[in-house]
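Reviewing the structure listed below.
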Amino acid sequence: MESKLKDKAWTKEFEKPISAEFLKNPFKFDKKSLKLVYSIDTPPPYVNTPIHMGHAATYSLMDMFARFRRMIGFDVIFPLGLDRNGLPIEMAAEKKSGKKFNEVSREEFLKICEKVLEEASTESVDSFQKLAISFNSWKLGTGIGDLYHTDSADYRALTQETFIDLYNKGLIYEDERVNNYCPGCQTTLADAEVIYENKPTIFNDIIFKIKETGEEITIGTTRPELICTCRMVIFNPEDKRYQHLSGKTALTPIFEKEIQIKAHPMAEIEKGTGLAMMCSAGDLSDIRFFREMGIVPVIAISADGTMNSHAGFLEGLKVKEARKKIIETLKEKGLLVKQTQINHRTPVCERSKDEIEFIAMKEFYLKQTDFKDKMIQLADKVNFYAPESKQIYLDWVNSISIDWPISRRRYYATEVPVWWCECGEMILPPKGKYYRPWKEPSPVKKCPKCGSAKIKGDERVFDTWFDSSISPLYILKYSRDNEFFEKNSRCSLRPQGKEIIRTWLYYTLFKDYLLTGKPIFRDVWINYHILDDKGKKMSKSAGNVIDPQEIIKKFGAEPLRLWCAVEGNLDSTDFRCSEERIEGAGKTLTKLWNVSRFILMFPEPEGKVELTALDKWIINEINSIVNDARAKFEKYDFHNPITALKNFLWETLASHYLELVKGRAYNDNSKFSKEEQNAAVFTLTYCLEKMLKVFAPVIPMISYKIYNDFKGKNIHLEEFPKADKKYELEFTREELMGLNSLIWKTKKDAGKSLKAEVILLTMPEKFKSIEADLKEAHSVKEIKYGEIGVKI
RNA sequence: GGGCCUGUGGUCUAGCGGUAUGACGCCACCCUCACACGGUGGAGGUAAUGGGUUCGACUCCCAUCAGGCCCACCA
């Protein structure tokens with residue numbers, strides 16, 4: 001008999017033509033369909049580096065979610081987005097041109113960025129295609145489900161529009177903020193560009209006076225030029241030496257400013273003299289401290305890196321000069337007790353290695369501290385998978401103490417859509433267009449306030465998260481197709497990594513709440529990480545990065561996908577990437593192929609079908625798997641159902657049912673009736689069909705091929721199976737499998753072949769209904785009923 | 001330094017109050033007509049460590065250790 005599956009085994013070479021076929025017929029989103037919409041806010045990967053193993057795994061899982069939802073009747077929005085904004089692109093451009101972004105004109109620099117983007121690797125897209133990820137489309141466009149770029153005019157226009165809306169709602173304001181500033185590169189830096197080095201620094205012990213008692217105290221500092229910004233002296237609450245100072249007033253040297261002395265755990269007993277002066281020169285932590293204490297910070301360094309009027313006699317000096325000068329002055333006045341050289345962890349510029357200065361600049365802020373309670377409540381309206389991940393979000397929201405700074409001084413990002421009149425009036429353009437104020441004229445010729453025509457465009461851009469946080473709005477056509485958006489938001493699912501909960505997830509929930517008044521996601525699926533085979537995090541510098549293309553080349557995409565499902569639940573645990581285990585997953589594909597090949601050897605049964613108890617048993621088994629899978633897939637758990645299905649395939653179906661039913665299916669000696677033989681074939685194909693459909697979202701290519709040869713139809717357009725009614729049976733799965741195993745073991749222990757005859761099989765009466773199948777399968781001469789026993 | 005999460009045979013995983021599930025790998029035997037990418041059998045775990053609650057704990061609580069994620073790095 002010839003099987004409908006001709007090839008002896010499934011090989012990775014079969015994947016190519018199938019994935020090509022998938023590409024020809026993508027699952028386009030059909031706005032006119034009457035189906036319910038299920039939308040996935042996919043995380044746009046960065047284009048400048050090819051996707052790594054983590055992407056391959058998480059997108060494979062997202063694809064399982066998408067394919068499953070389609071099979072249960074949803075129209076799925078599953079777009080591919082490519083992230084092209086921000087620093088990584090600028091870094092690549094700088095590397096390529098050998099020039100820093102402020103060394104060439106803005107226009108020129110953007111051209112280099114665009115060139116970098118043009119040449120950006122298409123390897124990621126190729127990987128997605130090889131993995132058979134079922135995005136709605138691979139073509140760039142502005143329709144629902146189309147491929148989108150985060151730097152497109154369309155996307156950026158929407159980002160700018162949300163700025164205009166939020167500004168008009170009174171939620172955005174401008175304020176002076178301290179920035180990391182590199183004097184070498186002459187630019188502000190993001191925190192991520194700052195590294196720390198141990199550098200020898202002079203630690204100066206300086207005398208402060210106590211106003212009430214005249215006592216002198218000594219405080220150590222590496223930044224004496226900032227004494228003018230000192231607004232508090234603190235000591236550790238446990239520090240016995242200074243308890244008497246609590247509540248007293250200190251006078252700063254030279255400036256004679258009165259400041260409070262307080263106990264605060266931030267002061268360390270062993271560090272310096274145990275007394276610390278708190279200056280508002282520094283970074284966010286200083287700002288936070290001042291806010292906590294209710295003190296207004298004083299900024300003494302201006303944007304050009306020189307001391308301003310707050311610094312008094314130091315005004316106009318550069319920071320280092322100011323430090324020199326004040327040390328001289330302190331020495332003259334006898335206020336400098338001691339100078340020691342210490343190794344100090346100093347923030348330096350990642351590239352030029354210059355010491356970072358902190359200077360104040362005006363930046364836009366989005367109010368968020370007022371919304372903390374709301375954002376905590378909002379989390380209860382979102383389903384977190386796994387639920388434990390919610391805590392990461394809550395912890396972050398609780399720790400927020402300052403508003404969100406949304407403007408940056410870089411080039412390749414969405415421009416802040418603002419113009420400024422010489423009189424200081426801010427001019428907002430109307431919504432709906434993409435604006436580039438640094439090169440475009442203002443939307444109004446004259447300032448509405450003073451009538452002046454001297455209007456300049458703002459040169460700042462947005463923080464990338466200000467862009468990224470509108471992705472669900474963008475893919476659901478917020479403000480572009482209001483009817484559609486109203487009907488189909490909230491977005492069904494946000495899948496993302498655990499490490500960006502405080503950024504991408506929080507900012508999206510927050511900003512989109514401000515804009516729409518609702519939690520934008522229904523479900524949030526948080527994924528953990530793929531580690532290398534030793535359990536270490538993959539990183540370029542460690543050289544342990546596993547390339548998914550290599551894995552696909554070696555084993556194929558299907559084993560990789562199956563491995564993702566079988567390895568564990570990525571929503572609660574990291575995976576170690578082991579080639580051995582991925583290869584092992586491939587064996588299940590072969591097993592599935594061979595079982596299918598066997599089943600598809602028998603012609604479709606004609607005439608009546610009379611199910612035996614054995615058939616009913618295996619039908620119960622597969623149905624309970626179908627039930628379980630339906631329920632758990634909905635909750636993004638593929639691991640447990642697929643593990644169960646895999647076990648069903650290997651053990652229950654292949655080892656037990658198949659072995660027992662073989663004789664009846666062949667029926668060479670006509671020991672069984674035609675109806676019974678039909679039942680065997682019917683049951684086998686029944687199991688195969690359901691099994692393939694449960695596997696289909698996980699391993700779409702092999703299931704597509706088998707189902708096509710089996711039914712001549714596209715399995716991915718079929719409905720996900722439902723369980724049929726359950727049959728009552730006298731024996732359990734364990735009892736049946738135990739009986740088989742006992743017979744096989746008895747033969748083996750006696751050194752006989754498995755085909756050897758059983759002279760007498762004694763078994764409980766509950767197996768009477770499957771007597772004929774047992775007799776045939778185990779070559780039993782005689783059967784008796786009673787205590788179990790095998791005689792050979 | 002702070003917060004949160006995790007810790008089950010060599011590797012990975014299930015269950016989550018009654019001494020442990022399955023897979024991969026390993027060893028032995030077997031080419032039985034779908035499959036040697038197979039079959040059968042076997043070795044291998046005092047559940048990170050130490051306490052506590054309980055008649056009883058892998059399962060609950062505390063501490064320690066290790067790993068992960070995020071934040072901070074300041075006199």
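Throughout, protein chains are lettered first and strands after them, A, B, ... in sequence-line order, and every chain is numbered starting at 1. Predicted model, so just to flag it, every value in this text is computed and none were measured.
- Looking at the side chain of A:K8, the nearest of the listed nucleotides B:rC74, B:rC35, B:rC5 is B:rC35.
- A:S578 and A:E580 share no donor-acceptor pair across their side chains, judged by distance under 3.5 Å alone.
- Between the side chain of A:K591 and the base of B:rC35 there is at least one donor-acceptor pair of N/O atoms closer than 3.5 Å.
- In this structure, A:E583 reaches neither bases nor backbone, as no heavy-atom distance under 4.0 Å exists between it and the strands shown.
- Between the CZ atom of A:R581 and the P atom of B:rC37 there is a distance of 20 Å, given to the nearest Å.
- Regarding A:L570, its CG atom lies at a distance of 19 Å from the P atom of B:rC5, rounded to whole Å.
- Across the protein-nucleic acid pair, A:K646 atom NZ and B:rC35 atom P stand 21 Å apart, rounded to whole Å.
- For A:K587 and B:rG25, the shortest distance from a side-chain N or O to OP1 or OP2 is below 4.0 Å.
- A donor and an acceptor atom, one from each side chain of A:E757 and A:H778, are nowhere located under 3.5 Å apart.
- Nucleotides B:rC27 and B:rC60, compared at atom C1', are 40 Å apart to the nearest Å.
- An OP1 or OP2 oxygen of B:rC12 is reached within less than 4.0 angstrom by a side-chain nitrogen or oxygen of A:R576.
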If you write RNA chain B from 5' to 3' in dot-bracket form, with Watson-Crick or G-U pairs under 3.5 Å, [ ] for crossing pairs and | for pairs with another strand, what do you get?
(((((((..(((.........))).(((((.......))))).....(((((.......))))))))))))....
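- B:rG42 and B:rG50: their C1' atoms are spaced 35 Å apart (whole Å).
- The residue A:I599 sits apart from the nucleic acid: no heavy atom pair falls under 4.0 Å.
- For the residue pair A:W504 and A:S469, no side-chain donor N or O sits within less than 3.5 Å of a side-chain acceptor on the partner.
- Side-chain polar atoms of A:N204 and A:Q339 form a donor-acceptor pair below 3.5 angstrom.
- Remark on RNA chain B: of its neighbouring residues A:D395 and A:G584, the 5'-side contact belongs to A:D395, judged by nearest-heavy-atom nucleotide.
- Using C1' as the reference atom, B:rG15 and B:rC70 are 31 Å apart when rounded to the nearest Å.
- One atom, CD1 of A:I501, and another, P of B:rC5, lie 12 Å apart when rounded to the nearest Å.
- Atom C1' of B:rC69 sits at a distance of 24 Å from the matching atom of B:rC62, rounded to the whole Å.
- Taking the C1' atoms as reference points, B:rG9 lies 37 Å from B:rG1, given to the whole Å.
- Relative to the side chain of A:K745, the nucleotides B:rG41, B:rC35, B:rU13 differ in distance, and B:rG41 lies closest.
- Within the 3.5 Å criterion, the main-chain N or O of A:A756 finds a donor-acceptor partner in the side chain of A:K747.
- Of the charged side-chain nitrogens involved, none lies within less than 4.0 Å of a carboxylate oxygen, so that A:D709 and A:K6 do not count as a salt-bridged pair.
- Looking at heavy-atom distances under 4.0 Å, A:N640 makes contact with sugar-phosphate atoms alone, never a base.
- Within the nucleic acid shown, A:A644 has no heavy atom closer than 4.0 Å to any nucleic acid atom.
- Here A:W650 lies in heavy-atom contact (under 4.0 Å) with sugar-phosphate atoms only.
- Residues A:L275 and A:T218 share a closest heavy-atom pair of CD1-O, 3.7 Å.
- Contact annotation for A:T222: backbone-only contact, meaning every heavy-atom pair under 4.0 Å involves sugar-phosphate atoms and none involves a base.
- Distance from the side chain of A:E580 is smallest to B:rC24 among B:rC71, B:rC24, B:rC74.
- Phosphate proximity of B:rC71 to A:R502: present, with a side-chain N or O under 4.0 Å from OP1 or OP2.
- Summarising the geometry, the separation between OH on A:Y528 and P on B:rC70 is reported as 12 Å, rounded to the nearest angstrom.
- Counting to the nearest Å, the C1' atom of B:rC4 and the CD1 atom of A:I392 are 7 Å from each other.
- Using atom C1' as the reference point in both B:rC16 and B:rA72, the two lie 36 Å apart (nearest Å).
- RNA chain B is contacted by both A:F575 and A:R597; A:F575 maps to the nucleotide lying nearer its 5′ end (nearest heavy atom per residue).
- When the C1' atom is used for both B:rG18 and B:rC58, the distance is 12 Å, rounded to whole Å.
- Side-chain contact annotation: A:Q368 with A:Y507, donor-acceptor N/O pair under 3.5 Å absent.
- We find that A:D239 and A:R241 are joined by a salt bridge, their nearest charged nitrogen and carboxylate oxygen being less than 4.0 Å apart.
- As rounded to the nearest Å, B:rC12 and B:rG17 have C1' atoms that lie 26 Å from one another.
- Nearest heavy-atom pair across A:A379 and A:L394 is CB-CD2, 4.0 Å.
- Rounded to whole Å, the distance from CD on A:E651 to P on B:rU40 is 7 Å.
- Side-chain proximity of A:E499 to the nucleotides B:rC35, B:rC12, B:rC70 is greatest for B:rC70.
- Computed from coordinates, the A:L645 CG to B:rA14 P distance equals 17 Å when rounded to whole Å.
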